[in-house]
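Because the structure is predicted, anything quoted here is derived from the model rather than measured. Naming convention: chains lettered A, B, ... in sequence-line order (proteins, then strands); numbering from 1 in each chain.
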There are 2 protein chains.
Amino acid sequence: MNSLQNPSEDGIKVLIVDDEPSIRDLLTRHLRFEGFRTHAVGNGHDAVDAAEKGEPDIILLDVMLPDMSGFSVTKKIRSMGITAPVLFLTARDETEDKITGLTVGGDDYVTKPFSLAEIVARIQAILRRTKAAESQDAVLEVGEVRINNDAHEVYANGTLVDLSPTEYNLLHFLMSNPNQVLKKEQILNHVWDYDFGGNTAIVESYVSYLRRKLDALTVEPVIITKRGVGYMYRSTKKA
Amino acid sequence: MNSLQNPSEDGIKVLIVDDEPSIRDLLTRHLRFEGFRTHAVGNGHDAVDAAEKGEPDIILLDVMLPDMSGFSVTKKIRSMGITAPVLFLTARDETEDKITGLTVGGDDYVTKPFSLAEIVARIQAILRRTKAAESQDAVLEVGEVRINNDAHEVYANGTLVDLSPTEYNLLHFLMSNPNQVLKKEQILNHVWDYDFGGNTAIVESYVSYLRRKLDALTVEPVIITKRGVGYMYRSTKKA
DNA sequence: GACTTTTCTGAGAATAACCTGATAAAAGGT
DNA sequence: ACCTTTTATCAGGTTATTCTCAGAAAAGTC
């Protein structure tokens with residue numbers, strides 16, 4: 001039926017540029033699953049081509065490409081009058097000043113390895129800023145909990161809850177798919193980086209952390225364990 | 001003559017890839033019975049061939065194949081532009097990171113041994129997400145009972161019923177085939193894993209569990225014993 | 001009604017799933 | 001460099017679930 005997390009993102013075209021086929025594949029498959037239209041290329045030359053012909057709404061661009069750097073690609077396409085925002089994919093140790101220097105305007109960047117939830121969130125944020133397109137809202141309120149994705153703040157019945165980054169990401173993912181059981185594997189795939197080595201036990205830990213912080217402030221527990229299946233965020237209790 | 005559970009799934013092509021003939025046979029026979037069109041092969045090379053020529057809607061792919069791994073097969077067919085979703089069949093102890101890494105898009109996986117009901121449910125879920133084909137709905141309501149497959153929740157006349165996973169699976173299977181007698185063996189084959197060692201007495205136990213939980217909430221008993229034959233879920237009472 | 005067969009159900013042991021506190025390592029801030 | 005926060009792993013305790021079995025109950029047969 002609906003894709004997870006972003007049922008409304010329908011006609012948005014994403015150009016994916018990365019020389020590693022596995023990353024291209026990962027992003028292509030996931031973003032398609034989320035409802036985006038994608039096109040993937042493996043080098044800078046093809047990227048310029050595709051940016052011109054494909055008219056993407058947003059470009060995911062690896063900064064380390066075999067033929068030319070992602071920054072050269074950006075300059076080139078900007079000089080051609082293409083204004084689509086760029087989300088740079090960088091290695092952790094990339095000199096950050098270079099990146100921040102180029103991420104003017106609506107651009108942004110994420111460091112590898114990233115989580116899929118992060119990529120989608122950044123795309124959402126960029127599109128929200130630039131096009132004001134009907135993309136995911138910055139504020140998500142389900143049941144007794146309100147989550148503000150711009151400020152990264154969570155309120156439970158009006159009280160600000162202090163969450164760690166991972167706790168926040170997990171809650172955001174759960175709240176994006178209310179009343180739907182999410183398997184632990186599924187959660188791990190979305191919320192943790194794609195190269196995370198551990199097993200799903202960590203999901204249990206973080207659910208525990210979240211419950212400790214949230215359940216003290218809510219009438220109903222918000223995260224339901226579906227034993228043998230997964231976890232579910234419950235918005236409205238049904239008698 | 002009618003297929004169980006999914007009379008509408010008619011033209012969907014399933015490619016089955018497993019080196020064990022018994023598993024190939026089990027899946028072929030069952031999925032055909034369910035109304036799918038199937039084609040089965042026993043190694044990676046043939047799988048790539050069949051994926052190209054057969055244009056399957058979905059691929060059931062064992063990850064342990066004699067000539068190449070299921071992941072290599074996936075990469076190969078993806079590079080050929082084939083986007084059909086893959087349902088991986090894996091051993092329980094398979095390194096999970098490998099699997100989870102590849103199952104981010106529409107893909108999914110089940111661990112061996114699986115139950116046939118699980119396979120069908122996963123295929124349904126994948127097709128529902130990707131192709132939006134007119135496949136099984138997430139909510140199934142028959143008579144006084146409503147079952148929500150997204151939330152894995154069951155309501156009897158509006159009251160939430162707490163079921164264990166196996167109880168849920170059994171009820172789901174019964175409700176998928178209302179007003180139709182199901183033999184205990186049939187139920188065992190669908191709902192329990194294919195390597196289940198015990199006998200059909202366990203079906204009796206679980207029917208008993210279900211009745212205890214459901215009949216308190218319904219006017220009519222929903223599960224009827226057809227002595228000497230099997231059980232039947234009845235939607236509208238028929239004398 | 002008496003007998004046979006089949007089904008139902010309660011009890012219990014073994015197992016699996018889950019929760020949580022402790023802890024160590026890593027990251028981040030001052 | 002120090003302290004704090006955060007992340008990740010692990011093991012013990014706890015609860016839910018699965019499965020089997022045996023006796024009770026019900027249905028069918030003569």
Rounded to the nearest angstrom, tell me the gap between atom [atom1] in [X] and atom [atom2] in [N].
X	N	atom1	atom2	value
A/L210	C/dC18	CG	C1'	16 Å
B/M232	C/dT7	CE	P	15 Å
A/K226	C/dC19	NZ	P	13 Å
B/E204	C/dT7	CD	P	6 Å
A/D195	D/dA8	CG	P	10 Å
B/I224	C/dT6	CD1	P	21 Å
B/R211	C/dG10	CZ	P	12 Å
A/D193	D/dA8	CG	C1'	13 Å

Grab the N/O contacts between the protein and nucleotides 17-20 of chain D below 3.5 Å, and write none if there aren't any.
residue	atom	partner	partner atom	Å
D/dT18	OP1	B/T166	N	2.9
D/dT18	OP1	B/T166	OG1	2.4
D/dT18	OP2	B/S164	OG	2.5
D/dT18	OP2	B/Y206	OH	3.0
D/dT18	O5'	B/T166	OG1	3.4
D/dT18	O5'	B/Y206	OH	3.1
D/dC19	OP2	B/W192	NE1	2.8
D/dC19	N4	B/Y209	OH	2.8

task: Answer yes or no: is there an ion pair linking B/K112 with B/D193, defined by an N-O contact shorter than 4.0 Å?
output: no
Does B/Y231 reach a base, just sugar-phosphate, or nothing at all? Heavy atoms under 4.0 Å.
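Since only primed, P, OP1 and OP2 atoms lie under 4.0 Å of B/Y231, the category is sugar-phosphate.
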Taking five pairs at each terminus, the helix from C/dG1-D/dC30 to C/dT30-D/dA1 shows an axis bend, to 10°, of 30°
Per atom distances to the A/R212 side chain, the nearest of C/dC19, C/dT9, C/dG21 is C/dG21
Do B/L140 and B/S176 come close enough that some side-chain heavy atom pair is under 4.5 Å?
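Yes, close enough: below the 4.5 Å cut-off.
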The reported gap from CE in B/M175 to OH in B/Y233 (rounded to nearest 0.5 angstrom) is 4.0 Å
Sorted by chain and number, sequence neighbours left out, salt bridge (charged side-chain N to carboxylate O under 4.0 Å, His left out) with A/R24 holds for none
